[in-house]
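Basis for what follows: all heavy atoms, side chains included, without hydrogens, waters or symmetry-related copies. Bear in mind the structure is a predicted one, so any value in this text is a computation, not a measurement. Every chain is numbered from 1 and lettered A, B, ... according to where its sequence line falls, protein lines coming before strand lines.
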2 protein chains.
Amino acid sequence: MMNKILIIEDEAPIREMLVFILEQNGYQALEAGSFEEAQRHLVEPVPVLILLDWMLPDVSGIQIAKSLKQGDLTKHIPIIMLTAKGEEEDKIKGLEVGADDYMTKPFSPKELMARIKAVLRRVAPTAIEEAVEADGIILDPVSHRVTVHNKLVELGPTEFRLLHFFMTHPDRVYSREQLLDHVWGTNVYVEDRTVDVQIRRLRKAIGEVNTMIQTVRGSGYRFSKTT
Amino acid sequence: MMNKILIIEDEAPIREMLVFILEQNGYQALEAGSFEEAQRHLVEPVPVLILLDWMLPDVSGIQIAKSLKQGDLTKHIPIIMLTAKGEEEDKIKGLEVGADDYMTKPFSPKELMARIKAVLRRVAPTAIEEAVEADGIILDPVSHRVTVHNKLVELGPTEFRLLHFFMTHPDRVYSREQLLDHVWGTNVYVEDRTVDVQIRRLRKAIGEVNTMIQTVRGSGYRFSKTT
DNA sequence: ACCTAGCTGTCATAAAAATGTCATAATTAT
DNA sequence: ATAATTATGACATTTTTATGACAGCTAGGT
């Protein structure tokens, strides 16, 4: 995962505390004491979120937020404003300018992480999860159910993802490595042969229609209605 | 409260004006230039209202309204149509298809907000106050009572809200985080695992029918009559 | 202000399910 | 027949969920 989060905050102690919390939670923290410093982090690959202090010495938070929301590269990056207590009315301005949330200092690590996750969740709505159908197999990502000829089938998480991938990418051979990338996710270290085993489990689970999961000797596997 | 309102309007200037007005009034504005773009906003948590332009380049407003009123997720979202002057007869069609109100461009911010509030006021009670039933479970928000096979069941506040949410959103998997968002409310910071515990309490409280509260390993929980 | 009872969130631990790997059998290609 | 490749069953480990216990909190009552 290793998502990058940019911190724009002039006070070093607070910044370091934020870094600590973020790294503790599996994020990569980028530090900037000013808007200028921040620039060098605003290049590809761009951070997924920005924590922006409201009170900065030179440029005000409002201006930074505004210019962030104008740049093509940065306009879609959600911003969480950090304000001191009692700057309530800044909240209004902040949200107007395009901040996605704001947080009053001091705050707990728990609150910080909760807000970050909430914002990220809000910004990246789950893709259009449409049900897929193929020759009697129906897979519905919304209810997370799979039926074969209208009979419910129990699948483990990996089997489910594997079948979903196959059904959305039919008539195409995928090597074991490719399947690992797509279904298991990148940077997962497992044996190629593990794919074979999951394929077998999936075939067993879906019964007769498993003829659609085809072995392509020397190449990998393919999902297809025709043999 | 941060209610989301979705704007479907192809002309950017008008859209931006709407955004400005809405945010000024404490709503969160979502923008879409086409029906397609709108899709990505039509996922949980769903907007509370949709402002829909009548004249869109590709699909007509009527069609959009129609398909919105068919989707399970979207059918209860009120729609305000935006029409140009002189398209009077469209009003008829619009209301037929399920629009809740319509407004002729140009309009003042005051009028816009007034209509939005009126529509929300009109819609809210029916949506929220209605009793829900599912396979022997009856939950009545008005009397705040729950019966299972006509026997009264005692629920704590959180259990009640959780059950209510499930019953009004059946056959859908929700992650722990999503449940926290919907049932506990945003800006509440509790552990994911807390959901497990409340689920257990709710299951224990409702007795045999707890088979409807289903664990979906690796994904979350689901409420459904069928297993 | 001081109790009390009910709710809630968290933690520790138990239980269950899923997963990766290996050894071996079966199949296919050369 | 031999080598290469895939299928399968078994098993240990890891991951995920269920459960019980407990302490803090809150609202209502005295």
Side-chain angles (χ1 to χ4, degrees), chain A residues 1 26 108-111 113-114 144 146 152-165 173-185 187-208 210-223 227, chain B residues 144 146 152-165 173-207 210-223 227:
Chain A
M1 173 159 268
S108 69
K110 192 189 284 185
E111 180 180 355
M113 293 317 301
H144 209 274
V146 176
L152 201 66
V153 159
E154 300 283 343
L155 295 184
T158 306
E159 285 147 50
F160 187 90
R161 287 200 308 279
L162 183 56
L163 180 59
H164 193 195
F165 177 76
V173 182
Y174 289 95
S175 69
R176 293 176 175 71
E177 281 93 350
Q178 288 176 313
L179 288 173
L180 285 177
D181 276 356
H182 286 113
V183 177
W184 275 253
N187 56 22
V188 178
Y189 68 104
V190 291
E191 292 284 321
D192 276 16
R193 290 291 144 194
T194 298
V195 175
D196 297 38
V197 179
Q198 277 309 343
I199 290 272
R200 166 177 141 269
R201 287 172 178 154
L202 178 53
R203 278 174 172 160
K204 188 186 274 184
I206 64 177
E208 324 110 45
N210 62 13
T211 50
M212 270 188 273
I213 300 175
Q214 301 157 0
T215 305
V216 181
R217 226 185 148 73
S219 302
Y221 297 93
R222 173 183 57 204
F223 183 84
T227 50
Chain B
H144 209 272
V146 177
L152 199 65
V153 159
E154 298 287 338
L155 293 185
T158 306
E159 285 148 48
F160 186 88
R161 286 201 309 279
L162 182 56
L163 181 59
H164 192 196
F165 177 76
V173 179
Y174 289 95
S175 70
R176 293 178 174 72
E177 290 187 346
Q178 288 176 314
L179 288 172
L180 285 177
D181 277 356
H182 285 113
V183 177
W184 275 253
T186 26
N187 50 24
V188 154
Y189 318 103
V190 294
E191 293 285 321
D192 278 14
R193 290 290 144 195
T194 299
V195 175
D196 297 37
V197 179
Q198 274 316 340
I199 289 270
R200 167 174 142 271
R201 288 171 178 155
L202 178 54
R203 278 175 173 159
K204 191 186 273 185
I206 64 177
N210 62 14
T211 50
M212 269 189 273
I213 300 174
Q214 300 157 1
T215 303
V216 180
R217 265 191 170 248
S219 299
Y221 296 95
R222 172 182 61 204
F223 183 86
T227 53

Could you give the distance from [atom1] ([X]) to [atom2] ([Y]), rounded to the nearest 0.5 Å?
{"X": "W184(A)", "Y": "R161(A)", "atom1": "CH2", "atom2": "CZ", "value": "8.0 Å"}
{"X": "D181(A)", "Y": "F165(A)", "atom1": "CG", "atom2": "CZ", "value": "9.5 Å"}
{"X": "H144(A)", "Y": "H164(A)", "atom1": "NE2", "atom2": "NE2", "value": "9.5 Å"}

Q. Taking the nucleotide of DNA chain C with the closest heavy atom to each, which residue, P157(B) or G156(A), is nearer the 5' end?
A. P157(B)

Q) Hey, what bend do you get for the helix from dA1(C)-dT30(D) to dT30(C)-dA1(D) if you fit axes on five pairs at each end, rounded to 10°? A)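 The two end axes of the helix from dA1(C)-dT30(D) to dT30(C)-dA1(D) meet at 30°.
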
Q | Base of dT17(D) paired with side chain of R217(B) (donor-acceptor, under 3.5 Å) | A |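 Not at all, since no donor on one side and acceptor on the other fall under 3.5 Å apart.
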
I want to check one thing: is the phosphate of [N], taken as OP1 and OP2, less than 4.0 Å away from some side-chain N or O of [X]?
{"X": "K204(B)", "N": "dA18(D)", "value": "no"}
{"X": "T215(A)", "N": "dA7(D)", "value": "yes"}
{"X": "R193(B)", "N": "dT17(D)", "value": "yes"}
{"X": "R176(B)", "N": "dT17(D)", "value": "yes"}

Q: Name the first nucleotide and the last nucleotide along DNA chain C (5' to 3') that come under 4.0 Å of a heavy atom in chain B.
A: dC7(C) to dA18(C)

Q) When we call it a touch if two heavy atoms are under 4.0 Å apart, what does Y221(A) touch: a base, just sugar-phosphate, or nothing? A) sugar-phosphate

Q: Take the protein atom CD1 of I199(A) and the nucleotide atom P of dG9(D), then report the distance between them rounded to whole Å.
A: 16 Å

